[in-house]
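Notes to accompany the following structure.
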Amino acid sequence: MLRAENIRVIRNGRPILDGVSCEVPAGKVTVILGPNGAGKSTLLRLFAGEYSSDAGQVSLGGRPLSEWRPKDVAKCRAVLPQESSLTFPFRVDEVVLMGRAPHVRGMESAHDHAISMQALQRVDMAGKRERIFPSLSGGEKQRVNLARALAQIWEPVGANELRLTGDAATTGKATRVLLLDEPTSNLDLAHQHSTLREAQRFARDGATVLAILHDLNLALAYADQVILLCDGRIAAAGEIATALTPARIREVFGVECRFMEIAGQGRPFIHVLPMSAETR
């Protein structure tokens, strides 16, 4: 559903991304991993349409992203940023209802309000729907913004509703795209997992989910595939079981680790070994 081809992004004379090509398929959770400064946020913002590349191309549904009208893309693609800049005294339910804006003609319908409430329930914030958004904690704001993103793409959009520039109809069935920039930041342990379970649910329902994570164990628990970045290049990409190995973790992050398993658990977890005095 999402594709980057030979992407190059230069900032202040330095390549942030250099020759990056990758695919983010529908129906799976894809996680971008890498150390600080690897280019993770830049890649996600390219897919979000916030950045443009100096070379290469980003496409959505087989079409260059530049050919899509922003309002049409907004019907099927939602973005959860790292931080919220909203400071106006909107209520929580009003913030979530903003996610329905691309679908609304005139006033919001009862259907839009119902979707917003369902999204709030998904993130465990329905009981605080009348709170003023700026008064919330950082974690609560993150959950409300996730609900807004979910409300935006709650329902699949038919292919006949999406149009290219010039009103030429797209081909194939449109899917939903959920882009998450560090969605577990500021969240407590329980809500980290509930957030990623919700992303996983959307993926199992056919959506394209792309998230930036820093916790390798969360990636192992919820990701289907990984894009591992290092110094603006792809160090590994593909199914997480084969792309994320102790050797690659040592190469990219500079730490030694072991993969361990717990009886009855489907996926292993990573135990990072203490660094020796010589390694520090």
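What's counted below: heavy atoms across the whole structure, side chains too, no hydrogens, waters or symmetry copies.
- At least one donor-acceptor pair under 3.5 Å links the side chain of Gln225 to the backbone N or O of Glu23.
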Side chain to side chain contact (heavy atoms under 4.5 Å, CB included) for Asp205 and Arg176? Distances and angles first, verdict last. CA-CA 9 Å; Asp205 195 33; Arg176 294 168 289 173; 2.6 Å; yes
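- To the nearest 0.5 Å, the span separating CG on Asn217 from OH on Tyr222 amounts to 11.5 Å.
- Atom CG of Leu187 sits about 10.5 Å away from atom CD of Glu140, to the nearest 0.5 Å.
- A donor-acceptor pair under 3.5 Å is absent between the side-chain atoms of Lys128 and the main chain of Val92, judged by distance alone.
- Each of Leu178, Asn145, Ile212, Leu213 was scored for a side-chain contact (heavy atoms from CB on, under 4.5 Å) with Pro183, with one residue passing: Leu213.
- A single hydrophobic cluster is seen to contain both Ile115 and Met98, as judged by linkage of ILVMFWY side chains at heavy-atom distances under 4.5 Å, directly or through other members.
- A distance-only check finds no donor-acceptor pair linking the side chain of Arg122 to the backbone of Ala147 [under 3.5 Å].
- Considering only heavy atoms from C-beta on, Thr195 stays 4.5 Å or farther from Val123 through its side chain.
- Ile16 CD1 to Ser53 OG: the interatomic distance, rounded to the nearest 0.5 Å, is 13.5 Å.
- Within 6.0 Å of CZ in Arg233 there are 12 or fewer heavy atoms belonging to other residues, nucleotides or ligands.
- Two residues are said to be in side-chain contact when any heavy atoms from C-beta on lie closer than 4.5 Å; Cys22 and Thr30 fail this criterion.
- Enclosure of atom CG in Asp231 is not indicated, since only 12 or fewer non-hydrogen atoms of other residues, nucleotides or ligands lie within 6.0 angstrom.
- Between Cys230 and Glu251 there is no side-chain heavy-atom pair separated by less than 4.5 Å.
- Ionic pairing of Glu198 and Arg201 is present here: one or more N-O contacts between side-chain nitrogen and carboxylate oxygen are shorter than 4.0 angstrom.
- Hydrophobic clustering (ILVMFWY, side-chain heavy atoms < 4.5 Å, transitive): Ile132 and Met125 are in distinct clusters.
- A donor-acceptor contact shorter than 3.5 Å is absent between the side chain of Glu256 and the backbone of Arg250.
- Separating the CE atom in Met1 from the NZ atom in Lys28 is a distance of 16.0 Å, to the nearest 0.5 Å.
- Checking side-chain atoms of Asn12 against main-chain N and O of Arg14 turns up no donor-acceptor pair under 3.5 Å.
- No donor-acceptor distance shorter than 3.5 angstrom exists from the side chain of Arg8 to the backbone of Gly56, with no hydrogens or angles considered.
- Asp224 contributes a side-chain N or O that, together with a main-chain N or O of Val29, makes up a donor-acceptor pair within less than 3.5 Å.
- Taken together through direct or relayed side-chain contacts under 4.5 Å among Ile, Leu, Val, Met, Phe, Trp and Tyr, Phe90 and Leu120 form part of one hydrophobic cluster.
- Open room surrounds CZ on Arg258; 12 or fewer heavy atoms of other groups in view lie less than 6.0 Å from it.
- Looking only at distances, a side-chain donor or acceptor of Glu94 sits under 3.5 Å from a matching main-chain atom of Arg91.
- Taken to the nearest 0.5 Å, the CG atom of Leu228 stands 9.0 Å off from the CD1 atom of Ile234.
- Of the inter-residue distances, the one linking Ile240 atom CD1 with Ile227 atom CD1 reads 11.5 Å to the nearest 0.5 angstrom.
- Leu44 is connected to Val9 through a chain of hydrophobic side-chain contacts under 4.5 Å among Ile, Leu, Val, Met, Phe, Trp and Tyr, so both are in one cluster.
- Listed for the Ser21 side chain is a donor-acceptor partner under 3.5 Å among the backbone atoms of Asn6.
- Geometric assessment of Arg11 against the ring of Tyr51 yields a positive cation-pi assignment under the 6.0 Å and 45° thresholds.
- In this structure a side-chain-to-backbone donor-acceptor pair under 3.5 Å is missing from Arg148 to Val95.
- Residues Leu189 and Phe269 fall into different hydrophobic clusters, defined by Ile, Leu, Val, Met, Phe, Trp and Tyr side chains chained together at heavy-atom separations under 4.5 Å.
- Annotation: salt bridge (Lys or Arg N to Asp or Glu O under 4.0 Å) contacts involving residues 104-120, sequence neighbours excluded, comprise Arg100-Asp112.
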